[in-house]
Amino acid sequence: MSVNTKSSSGGQMTLIEHLAELRTRLIRCVLAIAFGMIVITAFYNPILDWLRAPYCDSLGESVDSKDCTFQQIEPTEGLSVRFKVTGYGGIAIAMPIVLWQIWRFVSPGLYDKEKRYALPFVGTATTLFLLGAGIAYWTLPKALQFLGNIGGSNIDTNYRPGAYITLVTYMMLAFGAGFEFPILLVFLQMAGIVEPDTLAGVRRYAIVGITVIVAVATPSGDPFSMLALSIPMVLFYELSIWVGRWFARRQGLREAT
């Protein structure tokens with residue numbers, strides 16, 4: 001990777017040009033998120049029902065949909081729930097554009113052969129984020145069952161909408177961010193910051209570290225969610241080592257020719 005970035009004219013970019021470029025990228029990200037929020041607002045009620053479904057599933061198949069309604073205690077809680085759903089949903093919809101803007105911001109500091117990974121980077125990062133969020137959604141019924149039963153049989157389940165939506169969105173964001181882990185490792189190896197053999201040598205410590213980080217970062221704290229996140233991250237760690245060695249072999253062949 002090159003150290004200095006270049007402007008469109010071929011010279012090195014000044015600090016002012018860097019800041020102007022950053023401002024442009026941020027504005028585009030904000031506009032993309034705003035458009036995503038408008039889309040979510042148009043489908044707010046179906047999306048809220050979709051988010052509520054794990055709650056209903058956690059109560060059992062015989063439970064009527066009216067038994068898994070939320071209890072609003074504060075007058076403004078409904079408004080805050082709408083803001084949370086539209087805000088997080090807007091970010092999710094805008095994620096490909098946000099990732100593309102991030103890549104465009106850092107691409108001037110890359111060699112031409114590295115810039116060709118733009119579309120694979122955006123596509124892979126988006127796919128992994130959605131996969132992680134989907135797994136989080138899939139584990140939610142078991143997680144809610146665990147959280148609802150661990151307190152004892154004398155506690156009735158009647159969630160507040162704000163706390164529930166916060167848990168669901170944080171779970172999906174945590175899993176989505178965790179599934180970006182292999183991209184970070186592959187990028188570090190491509191940049192020459194970390195060697196594949198180094199990652200392989202600290203594999204045991206990495207597995208322990210992943211387990212600890214997942215235990216701390218998982219919002220629900222239940223064992224089902226922690227296993228559902230830690231196991232893929234360990235597999236991604238091994239996969240990133242394999243990808244890093246593959247890139248290293250290709251780089252060696254190019255230099256030999």
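Note that the numbering runs from 1 along the sequence shown for the chain.
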Roughly how far, to the nearest 0.5 Å, is [atom2] of [Y] from [atom1] of [X]?
X    : Y    : atom1 : atom2 : answer
L229 : F181 : CG    : CZ    : 10.5 Å
L185 : Y237 : CG    : OH    : 7.0 Å
F224 : L147 : CZ    : CG    : 10.0 Å
R25  : I102 : CZ    : CD1   : 11.5 Å
M95  : T126 : CE    : OG1   : 7.5 Å
F43  : W50  : CZ    : CH2   : 14.5 Å

Original post:
Does the pair L140 and S58 meet the rule for a side-chain contact (heavy atoms from CB on, under 4.5 Å), with working shown?
Top reply: CA-CA 8 Å; L140 275 171; S58 68; over 6 Å; no

Original post:
Can you tell me if T169 uses its side chain to pair, donor with acceptor, with the backbone of T166 under 3.5 Å?
Top reply: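 Pair found, side chain donor or acceptor close to backbone of T166.
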
**OP:** Report yes or no: does T24 contribute a side-chain atom to a donor-acceptor pair with the main-chain N or O of A20 at less than 3.5 Å?
**Re:**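 Confirmed, T24 side chain pairs with A20 backbone.
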
To check you understand the geometry: which heavy-atom pair defines the closest contact between [X] and [Y], and what is its length?
X    : Y    : value
D57  : Q145 : O-NE2, 3.9 Å
G221 : M226 : O-CE, 3.6 Å
G36  : I93  : O-CD1, 3.8 Å
Y137 : A53  : OH-CB, 3.5 Å
I135 : F175 : CG2-CE2, 3.9 Å
T139 : A228 : CG2-CB, 3.5 Å

**OP:** Kindly determine whether L144 and L167 satisfy side-chain contact (heavy atoms from CB on, under 4.5 Å), including the steps that lead there.
**Re:** CA-CA 10 Å; L144 293 173; L167 175 64; 4.1 Å; yes

Taking the side chain as every heavy atom from C-beta outward, state whether [X] and [Y] have any pair of such atoms under 4.5 Å apart.
X    : Y    : result
Y88  : I40  : no
R52  : F70  : yes
Q189 : L199 : yes
R245 : D197 : yes

Around [X], counting heavy atoms of other residues, nucleotides and ligands shown, do more than 12 lie under 6.0 Å from its [atom1]?
X    : atom1 : value
K142 : NZ    : no
Y44  : OH    : yes
Y164 : OH    : yes

Subject >> Results of side chain to side chain contact (heavy atoms under 4.5 Å, CB included) for L128 - residues two or more places apart only >> reply: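 If we apply the side chain to side chain contact (heavy atoms under 4.5 Å, CB included) test to L128, skipping adjacent residues, the hits are T124, F179, E180, P182, I183, F236.
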
Original post:
Does any pair with a residue in residues 203-228 pass salt bridge (charged side-chain N to carboxylate O under 4.0 Å, His left out), and if so which ones, sequence neighbours excluded?
Top reply: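 For residues 203-228: R203-E238.
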
Original post:
Taking only residues at least two apart or on different chains, which pairs with a member in residues 71-82 satisfy salt bridge (charged side-chain N to carboxylate O under 4.0 Å, His left out)?
Top reply: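 Those involving residues 71-82 are E74-R160, E77-R160.
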
Does [X] belong to the same Ile/Leu/Val/Met/Phe/Trp/Tyr cluster as [Y], with side-chain heavy atoms less than 4.5 Å apart forming each link?
X    : Y    : result
V194 : W242 : yes
V208 : L235 : no
I91  : Y170 : yes
I210 : L239 : yes
M171 : L227 : no

Original post:
Is there a side-chain contact (heavy atoms from CB on, under 4.5 Å) between I165 and L48 once you walk through the steps?
Top reply: CA-CA 9 Å; I165 295 299; L48 185 62; 3.9 Å; yes

**OP:** Could you walk me through whether V214 and M233 pass the side-chain contact (heavy atoms from CB on, under 4.5 Å) test, one step at a time?
**Re:** CA-CA 9 Å; V214 169; M233 288 187 67; 3.8 Å; yes

